[in-house]
Student: 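Supplied in structure tokens, the structure appears directly below.
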Amino acid sequence: MNNLKLIGPFKQLIPMTGLPIKGALTDEQLVILEDTGIVIDGEHIKHIGKFHDLKQQFKDIQIQELQGDHTCLPGFVDAHTHICFGGTRANDYAMRNAGKSYLEIAKAGGGIWDTVVQTRKASKAELVKGTIKRANRHLKNGVTTLEVKSGYGLSVDEELKMLYAIKEADEAIPSDLIPTCLAAHMLPKDYEGSAESYLEEISTKLFPLLKEENLANRIDAFIEESAFSASQIKPYFEKAQKMGFDITVHADQFSTSGSKVAVDFEAISADHLEASAVKEIELLAKSDVIATALPGASLGLGCAFTPARRLLDAGGTLAIASDHNPGSAPMGDLLTQAAILGAFEKLSNAEVIAGITYRAAAALNLTDRGTLEAGQLADFNLFHTGNYQEILYNQGNLKPCVVFKRGVKIFDKHH
Ligand code: NIG
Ligand code: FE
């Protein structure tokens, strides 16, 4: 017996191959393979082909033969989350829905700073536990790769605590956690000094440690009136870029100026963009910056969605992520949110699925996942349906019945 495994047959397998990284997509462009199987060799896909041919071709292979109709999609990639945190912000949510303003909520002790206080109180072990719990729930929903930001520590030591916790969580679970340093989330209320000196301190003291300890390869900043201005962030990003970090930006959430910084720095992604208008859409669409829509934040705050349709029609590229965080996006259900964004923004199945597979992988600079073909990681989800359209049609209520991560079956609802 060799180490190979064959799984199938799948009524439909959507490999998401041969599609452009930028621009609108129609469902007619999707490759749909029928009666297919996947041969897995260790962590990778060795072969995709007709199940019955593969059965003949590969003798001595471990076979999992499925009963009933199944559709296979690449494992989902959630390219923007804040799932490492302490406490809850249920009270913020209740106050906001009772009509209280951002300022009133902040005055009552809510907002990002509340989570900073609660995250600082938590031990690293508690943060690891919470991160694992949330990441495992995402994995059950088919998210096999998950970006996780720091940004609730807001001092060199507390940001380090978060990033070590994210690293420990990653090592303990099957899914891949991609860490990002968001020390520029807001100016910490207890910092005695200017925004400029805070950012200077983070870049001189924390950035080298991120490299030495291999804690993060990505630097993010929240460019917003309540956080940092474009001119405050420029020297910070210049330093990060010189040191070889990838740049990503919380841009145009409530006011516009972040997207221009993202384009100027050739950031890998610009995320949020709910406030982006014609000028910003044009700028982003002309660039290679990946626009990442965060419908979970729109649903959490009761705000407009990112203009995803206009971004794609202008020739831009679109990833969709959950933004799962205790404040603005408490739901944390990528498939549900992506399906809802599709209904409101009139996105094709192909555009939505691309946004949570290969285009999301590109937003994390990953090329080894997000599509299904020989050589790619064996990360994939099976759904109990013979028609892929059922998946988004069910608006997140049709969950995967089987999830494979790096060639390992994580669970199987049939057993
Ligand atoms: O992506 N926009 C800023 N940061 C987060 C919210 C974090 C929080 O409220 O705790 C976001 O929505
Ligand atoms: Fe965010």
Side-chain angles (χ1 to χ4, degrees), residues 78-96 100 102-103 105-106 108-120 122 127 130 134 146-154 158-159 162 166 178-189 218-229 233 247-259 261-262 267-276 290-306 319-332 334 337 360 363-364:
D78 191 338
H80 181 138
T81 85
H82 309 246
I83 60 163
C84 180
F85 61 83
T88 170
R89 302 246 293 282
N91 192 50
D92 278 26
Y93 188 75
M95 282 181 79
R96 194 161 54 240
K100 300 285 185 248
Y102 182 83
L103 217 67
I105 294 171
I112 295 173
W113 185 248
D114 183 20
T115 301
V116 173
V117 171
Q118 299 190 65
T119 303
R120 286 179 178 181
L127 294 180
R134 293 174 200 115
L146 199 76
E147 186 255 17
V148 187
K149 297 177 195 296
S150 65
Y152 294 127
L154 305 189
E158 291 293 330
E159 285 290 303
M162 286 193 75
I166 295 165
I178 310 296
T180 303
C181 175
L182 179 59
H185 201 180
M186 66 178 275
L187 180 63
K189 288 193 175 174
R218 298 161 41 86
I219 300 293
D220 193 352
F222 187 19
I223 299 182
E224 191 52 61
E225 282 155 16
S226 61
F228 297 99
S229 70
I233 285 301
I247 303 285
T248 174
V249 190
H250 276 72
D252 298 3
Q253 185 179 12
F254 304 109
S255 60
T256 55
S257 69
S259 50
V261 177
I268 189 156
S269 75
D271 306 25
H272 274 297
L273 309 174
E274 293 89 341
S276 300
I290 296 180
T292 302
L294 306 174
S298 303
L299 293 166
L301 297 173
C303 292
F305 290 107
T306 304
I320 305 168
S322 74
D323 196 20
H324 191 188
N325 75 68
S328 59
M331 182 205 288
L334 180 63
Q337 295 165 1
L364 297 177

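Both counts, for ligands and for their atoms, begin at 1 and track the order of listing. Counting begins at 1 with the first residue of the sequence.
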Student: Students should find this: residues with any non-hydrogen atom under 4.0 Å from ligand 1. What is the answer?
Tutor: His80, His82, Arg89, Ile112, Tyr152, His185, Phe222, His250, Gln253, His272, Asp323, Asn325, Gly327, Ser328

Student: Is Asp220 reaching over with its side chain to a backbone N or O of Leu182, donor-acceptor style, under 3.5 angstrom?
Tutor: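 Checking the backbone N and O of Leu182 against the side chain of Asp220, no donor-acceptor pair under 3.5 Å is found.
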
Student: What's the NE2-the Fe ion (ligand 2)-NE2 angle here (His250, His82), rounded to 10 degrees?
Tutor: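 Value returned, to the nearest 10°, is 100°.
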
Student: Measuring from the Fe ion (ligand 2), name the closest N, O or S atom belonging to His80.
Tutor: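 This turns out to be NE2.
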
Student: So which atom in Ala319 and which in Ala363 form the shortest heavy-atom distance, rounded to 0.1 Å?
Tutor: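 What the structure gives for the nearest pair is CB-CB, 4.4 Å.
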
Student: Nearest 0.5 Å, please: how far is CD1 in Ile223 from NE2 in His272?
Tutor: 12.0 Å

Student: So, of the N/O/S atoms that Asp323 has, which is the nearest one to the Fe ion (ligand 2)?
Tutor: OD1

Student: How long is the span from the CG atom in Asp271 to the CD1 atom in Ile290, to the nearest 0.5 Å?
Tutor: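 Answer rounded to 0.5 Å: 9.5 Å.
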
Student: Does His272 bring an N, O or S atom to under 2.8 Å of the Fe ion (ligand 2)?
Tutor: no

Student: For Ser322 and Thr81: C-alpha separation, side-chain torsions, deciding distance, then whether side chain to side chain donor-acceptor pair (under 3.5 Å) applies.
Tutor: CA-CA 6 Å; Ser322 74; Thr81 85; 5.8 Å; no

Student: Should the pair His185 and Tyr152 be assigned to parallel (<30°), tilted (30 to 60°) or perpendicular (>60°) ring geometry?
Tutor: tilted

Student: Strictly distance-based, threshold 3.5 Å: is any side-chain N or O of Glu274 a donor or acceptor partner for the main-chain N or O of Ala304?
Tutor: no

Student: Taking both backbone and side chain into account, is any N, O or S atom of Asp271 nearer than 2.8 Å to the Fe ion (ligand 2)?
Tutor: no

Student: Treating Glu224 as the side-chain partner and Phe254 as the backbone partner, does any N or O pair qualify as donor plus acceptor under 3.5 Å?
Tutor: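 Side chain of Glu224 to backbone of Phe254, a donor-acceptor pair under 3.5 Å: yes, one is there.
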
